[in-house]
Amino acid sequence: MEEQDNITQGEKRELKIEQKKGLSVSDVILTAVLLAAGAVLKFFVGSLVNIGGMKPNFIIAMYCMAILLIRPRIWEAAVIGLVAGAVCQFFPGSPYLNFGSELAGAVVMALLIRVPMKIGKLNAGPAVSTFLSTAVSGTLFIAMLFLFLGAAKQTLAAYVPIVLCTAVFNAVIVQILYVPLKLATHRNA
């Protein structure tokens, strides 16, 4: 009889949603592994592939992939960008400029993953977000190169196709690898 009284009185059900308080250990490990893979690929493949001055930047592609998979908050993505900038310091090039450019690219990526980008059944979000994030990162890098290091203005035109080609290359890599990595890591992203 008591069970029936509880049913007829209509007990209130509560759904408790646990909010994410930060990056989990598995999020940090996944990000570290992807950035390490990006660094190794940049060192080995980037040294071999040089098309008209364009070298693929696998570090950008891998932090974009990490952000797609773990879906961090904006400030967490900013930290990922700063770590990616630190990783870039191990490679020859213009020192310290990557901190600002990768920070901006990671924040743009974190903002763009919140925008639905489906074309029919195809989720174009990984490619579009990565393309735009790489373009922002590359453009800021070039701007800082000219501003802080006084690069010749005549070489600006040479950098535009490099940034766009790198953005296309990264977008293709991330779009191809996104679904398999999402399935392999059991992410609901």
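This is a predicted model, so every value here is computed, not measured.
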Spacing of CD1 belonging to Ile60 relative to CG belonging to Asn98, to within rounding of 0.5 Å: 7.5 Å

Residue pair Thr166 / Ile162: nearest heavy atoms and the distance that separates them: OG1-O, 2.8 Å

Closest contact, heavy atoms only, Ile59 versus Cys88: CD1-SG, 3.8 Å

Main-chain N/O of Ser137 paired to Glu102 side chain as donor or acceptor, under 3.5 Å: no

For the student: nearest non-hydrogen atoms of Leu35 and Ala84, plus distance: CD2-CB, 4.0 Å

Criterion side chain to side chain contact (heavy atoms under 4.5 Å, CB included) on Phe141 and Val163, from CA distance to verdict: CA-CA 10 Å; Phe141 182 85; Val163 169; over 6 Å; no

Asn170 and Thr134: side chain donor to acceptor below 3.5 Å: yes

Under 3.5 Å: donor-acceptor pair, side chain of Arg114, backbone of Arg71: no

Side-chain heavy-atom pair Pro72, Asp27 within 4.5 angstrom cut-off: no

Shared hydrophobic cluster, Phe91 / Leu103 (ILVMFWY, side-chain heavy atoms < 4.5 Å): no

Non-hydrogen atoms of Asn123 and Gln175 that approach each other most closely: O-NE2, 3.1 Å

Single-linkage hydrophobic cluster, 4.5 Å side-chain cutoff, Ile29 and Val79 together: no

Residue pair Leu111 / Ile74, side-chain heavy-atom distance below 4.5 Å: yes

Heavy-atom side-chain proximity of Phe169 to Asn57 below 4.5 angstrom: no

Output field: ring centroids Phe58/Tyr63 closer than 6.0 Å: no

Close side-chain approach of Met62 and Ile173, heavy atoms under 4.5 Å: yes

Met65 side chain near Ile70 side chain, heavy-atom distance below 4.5 Å: no

CG on Leu68 to CG on Leu177, rounded to 0.5 Å: 11.0 Å

4.5 Å side-chain heavy-atom contact, Tyr178 and Leu69: yes

Shortest non-hydrogen contact between Cys64 and Met109, atoms and distance: O-CE, 3.6 Å

Hydrophobic cluster membership, Val45 vs Leu34, 4.5 Å side-chain cutoff: yes

Closest non-hydrogen atom pair, Ala39 against Val87: CB-CG1, 3.8 Å

Within one Ile-Leu-Val-Met-Phe-Trp-Tyr cluster: Ile176 and Leu122, side-chain cutoff 4.5 Å: no

Backbone N/O of Ala171 and side chain of Thr130: donor-acceptor pair under 3.5 Å: no

Joint cluster assignment, Trp75 & Val107, ILVMFWY side-chain distance < 4.5 Å: no

Heavy-atom side-chain proximity of Leu140 to Leu97 below 4.5 angstrom: no

